[in-house]
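So the structure is just underneath, and the comments pick up after that.
In this text, all values refer to a predicted model and were calculated from it rather than measured experimentally. Below, read A as the first sequence line, B as the second, and so on, with proteins coming before strands; counting in each chain starts at 1.
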There are 2 protein chains.
Amino acid sequence: MADGGAEKPIRTAITSDDGIDLSIIELFFFAYRDFTSDPDQILADYGFGRAHHRVLHFVNRMPGLTVAELLDVLKITKQSLARVLKQLIDTGHIVQVQGPRDRRQRELYPTAKGRALALALARPQSRRIHDALEGASAGDRSAVERFLKAMVNPELRTQIDNLPANGAGKIAGKGNGDQ
Amino acid sequence: MADGGAEKPIRTAITSDDGIDLSIIELFFFAYRDFTSDPDQILADYGFGRAHHRVLHFVNRMPGLTVAELLDVLKITKQSLARVLKQLIDTGHIVQVQGPRDRRQRELYPTAKGRALALALARPQSRRIHDALEGASAGDRSAVERFLKAMVNPELRTQIDNLPANGAGKIAGKGNGDQ
DNA sequence: AAAAATACGTCAGCACTGTTGACATAGTTT
DNA sequence: AAACTATGTCAACAGTGCTGACGTATTTTT
């Protein structure tokens, strides 16, 4: 700034009086930080990070999805995905299968190993959620779900609805035909 | 893996039947991603990132806190903090004041510029929350707050309670004496 | 059949944010 | 005086995101 160095310190705190919903902003930050800390610890043992977790999770949730579809869910570039996906394939957590209709496509599937890791990562998160909802009524739970869903950009809510057993039965156009 | 390359693909999706609370896990991921995207766009104009946002936010929420206290809130190393804090000081968003009792300490305060930016960053987040809670009852809102708080590690809940106008009046031991 | 578009992979370089480890300097406590 | 504490800083590294560019296989369009 170099304005003589005399910027006056403001000694009062921002409060809810400023018209900002500070409590939920801060709660959301702390909650998400701790929510991700559980899997982070497990991932460290594998030399993986959060990006691996997300890829593994959605491949397990939507087996057979293509690279392009995965990019669309994660909203990252293919170069970002390439690094982590390659590692997951090299370590035998995910396999690629050439697309039956369009042979340019690569369908992504978890292996038994990949399924096991995905579940191991989801377990502590699910437990934390379960504990957090202890004593909550069905209405409370529903309020939490509605809130979280409403926090998502409207264009993306469709994606969420298309996940299996989240309201939709199966993913359209994909034969989830049990191995 | 090099086991002959024949890891069998699993073609079934993980579902709630696996005993995992998938809907909230996924909702939380998407919700947080979009929640942070609003300020991210503003920050880009300043050449700042999410780390700057967090520092700025808590300095505005707890003016006069020391470097050590800030590290304790953010749970990062001082080397990580140093980089972003230096930038915020150099750009005139934050000022340091030598601690009155212990002159080794640096109390951190926002400037008018820093306060303005903090509010500009909080505004879209607050609006998103407000919109997400549209049509929600007081009980719904309370359920959401209780849930988020319960998601935080128990040891850290005290920190949250000590933020001004989140249940506590003032920060213990700090004279928030209005400039 | 040739041309254009698509799906994917990859190389190279960069930015942001987190980590360890080591060391320096002031100021406080013992 | 010695030990401890609060802060700053240098250096190196990891993880994950980005852009830009280019190559190859395959499908679609002309």
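A ring-centre distance under 6.0 Å is not found for F35(A) and F30(A).
At least one side-chain nitrogen or oxygen of T77(A) sits closer than 4.0 Å to the OP1 or OP2 atom of dC18(D). Side-chain N/O atoms of S80(B) include one lying less than 4.0 angstrom from OP1 or OP2 on dT19(C). OP1 or OP2 of dG9(C) lies within a sub-4.0 Å distance of a side-chain N or O belonging to Q96(A).
dG15(D) atom P lies 8 Å from atom CD of Q87(A), rounded to whole Å. The CG-P distance, from L71(B) to dT19(C), rounds to 10 Å in whole Å. Here the P atom of nucleotide dC8(C) and the CG atom of L65(A) are 10 Å apart, to the nearest Å. What separates CG of D72(A) from P of dA7(C) is a distance of 12 Å, to the nearest Å. Remark: C1' of dC11(C) and CZ of R83(A) are 12 Å apart, rounded to the nearest angstrom. As a whole-Å value, the separation of I89(B) CD1 from dG8(D) C1' is 11 Å. Counting to the nearest Å, the C1' atom of dT25(C) and the CZ atom of R103(B) are 14 Å from each other. Put simply, CZ on F48(A) is 20 Å from C1' on dG18(C), counting in whole angstrom units.
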Which is it for I160(B) and T158(B) under the side chain to side chain contact (heavy atoms under 4.5 Å, CB included) test, yes or no, and what are the steps along the way?
CA-CA 5 Å; I160(B) 297 173; T158(B) 321; over 6 Å; no
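Of the two residues contacting DNA chain D, namely L85(B) and I76(A), the nearest-nucleotide position lying further toward the 5' end is that of L85(B). In this structure, R50(A) and Q98(A) both approach DNA chain D, and ranking their closest nucleotides by distance from the 5' end singles out R50(A).
If you check distances only, the side chain of R106(B) never reaches the base of dG8(D) with a donor-acceptor pair under 3.5 Å. Looking at R101(B), its side chain has no donor and acceptor atom pair within 3.5 Å of the base of dG27(C). In terms of polar N and O atoms assigned as donor or acceptor, the side chain of Q79(B) comes within less than 3.5 Å of the base of dG21(C) in a complementary pairing. With hydrogens and angles left out, the side chain of K78(A) and the base of dG9(C) share a donor-acceptor pair within 3.5 Å. Below the 3.5 angstrom threshold, one finds no donor paired with an acceptor across the side chain of R104(B) and the base of dT7(D).
Contact detail for T91(B) and K113(B): the closest heavy-atom pair is O-NZ, 2.6 Å.
Note on H52(A): only backbone sugar-phosphate atoms sit closer than 4.0 angstrom, heavy atoms only; bases stay farther off.
Proximity note for K86(B) (side chain, C-beta onward) versus dT7(D), dT17(C), dT9(D): the nearest is dT9(D).
For the pair R146(A) and D140(B), the salt-bridge criterion is met [side-chain N within less than 4.0 Å of a carboxylate O]. Electrostatic pairing of D161(B) and K149(B) counts as a salt bridge here, judged by a charged N lying under 4.0 Å from a carboxylate O.
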